[in-house]
Trainee: 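Sharing a structure below in structure tokens format, with a few things to ask.
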Amino acid sequence: MNKLLAFIFIGLLLVPSTVLAKDVLNDYSIQEALNVEKVKNVLGTDIKFYFGNQGHGKILKNHGEYRANKKTNAFLKSKEGACQWAFASALKTLKDRALREGGNAVVNIRSNYKNKETSSTETFQCGAGTALAGVALIGNVVTLGN
């Protein structure tokens, strides 16, 4: 039994520290992420997204506040690319909710990584480690007038 424990301990010492590293929280550009062709294809144009206190048309109906929390594989990818994809996935979740609720926009979108809310018209927050990247968003699904 002692030999097994010693073997496990030595094995853990040999694991690179980057594999065991915690997520690093960074801000990434909303606009840069939205300009990625793959992201554009996933989100389409049928639902509009408004971040932070960004101006928008008159709200005719508020369908409620909704959350999206998405993670993606970050192994052997750039942190920025993985974070942009997790961001797109979270926005897609909000888009799908807007379509189900009969809305045409999601407003007041803000980051909510590990339940720490931040609001910005320019950046979103993403936690990325060696294996995973994650984005959590909150937004209000609404119907906007013309």
Trainee: Please report the closest heavy-atom contact between A74 and G129, naming both atoms and the distance.
Mentor: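 Shortest heavy-atom separation between A74 and G129 comes out as CB-O, 3.9 Å.
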Trainee: Minimum heavy-atom separation for A133 and A86, please, with both atom names.
Mentor: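 That would be O-CB, 4.0 Å.
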Trainee: Search all heavy atoms of E101 against all heavy atoms of V141 and return the closest pair with its distance.
Mentor: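 Result for this residue pair: CB-CG1, 4.1 Å.
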Trainee: With side chains defined as the heavy atoms from C-beta onward, is the minimum distance between R97 and T93 less than 4.5 Å?
Mentor: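 No, every pair of side-chain atoms sits at 4.5 Å or beyond.
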Trainee: If I take atom CD from residue Q84 and atom CZ from residue F124, how far apart are they, to the nearest 0.5 angstrom?
Mentor: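 Those atoms lie 6.0 Å apart.
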Trainee: Are I47 and L60 connected into the same hydrophobic cluster when the rule is that any two of I, L, V, M, F, W, Y join if their side-chain heavy atoms are below 4.5 Å apart?
Mentor: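 Different clusters.
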Trainee: Are E65 and R110 close enough for a salt bridge, meaning some N to O gap below 4.0 Å?
Mentor: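 Answer for the salt bridge query: yes.
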Trainee: Could you give the distance from OH (Y66) to CG (N140), rounded to the nearest 0.5 Å?
Mentor: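 If I round to the nearest 0.5 Å, the distance is 9.5 Å.
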Trainee: How close do S120 and I30 get, counting heavy atoms only, and between which atoms?
Mentor: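 Heavy atoms only, the tightest pair is O-CD1, 3.9 Å.
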Trainee: Nearest 0.5 angstrom please: Q125 CD to S119 OG, how far?
Mentor: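 So the gap between those two atoms works out to 10.5 Å.
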Trainee: Does F51 form a side chain to side chain contact (heavy atoms under 4.5 Å, CB included) with T123? I'd like the steps, not just the answer.
Mentor: CA-CA 9 Å; F51 299 89; T123 62; over 6 Å; no
Trainee: What distance do K77 atom NZ and L132 atom CG have between them, rounded to the nearest 0.5 Å?
Mentor: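 Answer rounded to 0.5 Å: 10.0 Å.
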Trainee: How close do T143 and N104 get, counting heavy atoms only, and between which atoms?
Mentor: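 Between these two residues, the closest heavy atoms are CA-OD1, 3.4 Å.
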Trainee: Can you tell me how far apart CZ (F49) and CG (L43) are? Round to the nearest 0.5 Å.
Mentor: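 Spacing of CZ (F49) from CG (L43) equals 5.0 Å.
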Trainee: Do N73 and W85 touch side chain to side chain, with heavy atoms closer than 4.5 Å?
Mentor: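 The answer is no, as the side chains (C-beta and beyond) never meet within the 4.5 Å cut-off.
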Trainee: Do V135 and Y28 belong together in a cluster built from hydrophobic side chains that touch within less than 4.5 Å?
Mentor: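 Hydrophobic grouping puts V135 with Y28.
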Trainee: When you check the gap from the basic side-chain N to the acidic O, do D96 and K92 get nearer than 4.0 Å?
Mentor: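 Result for this pair is yes, salt bridge flagged.
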Trainee: Rounded to the nearest 0.5 Å, how far does CG of L99 lie from CG of L94?
Mentor: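 Here the interatomic distance stands at 11.0 Å.
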Trainee: In the structure I gave you, are the side-chain heavy atoms of L144 and K48 within less than 4.5 Å of one another anywhere?
Mentor: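 The answer is no; the side chains never approach within 4.5 Å.
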Trainee: Taking atom NZ as the centre, does K70 end up with more than 12 heavy-atom neighbours from other residues, nucleotides or ligands that are less than 6.0 angstrom away?
Mentor: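 Counting neighbours around NZ of K70, 12 or fewer heavy atoms of other residues, nucleotides or ligands fall under 6.0 Å, so no.
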Trainee: Can you tell me which residue pairs pass the disulfide (SG to SG under 2.5 Å) test with a partner in residues 108-146, sequence neighbours excluded?
Mentor: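 Disulfide (SG to SG under 2.5 Å) check on residues 108-146 returns C83-C126.
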Trainee: Using the test ring-ring contact (aromatic ring centres under 6.0 Å, His included), find all partners of Y50 that sit at least two apart in sequence or belong to another chain.
Mentor: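 Here the qualifying residues are H56.
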Trainee: Apply the test side chain to side chain contact (heavy atoms under 4.5 Å, CB included) to residues V36 and E32: give CA-CA distance (whole Å), side-chain angles for both, the deciding distance (0.1 Å), then the verdict.
Mentor: CA-CA 7 Å; V36 173; E32 284 181 24; over 6 Å; no
Trainee: Verify the neighbour count for atom NZ of K40: are there more than 12 heavy atoms of other residues, nucleotides or ligands below 6.0 Å?
Mentor: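 Enclosed.
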Trainee: Determine whether I109 and L91 make a side-chain contact, defined as any pair of heavy atoms from C-beta on separated by less than 4.5 Å.
Mentor: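 Of all side-chain heavy-atom pairs linking L91 with I109, at least one is under 4.5 Å.
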Trainee: T118 versus Y113: any side-chain heavy-atom pair under 4.5 Å?
Mentor: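 The answer is no, as the side chains (C-beta and beyond) never meet within the 4.5 Å cut-off.
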Trainee: Assigning hydrophobic clusters by single linkage (Ile, Leu, Val, Met, Phe, Trp, Tyr; side-chain heavy-atom cutoff under 4.5 Å), is V106 placed with V142?
Mentor: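 In one cluster: no.
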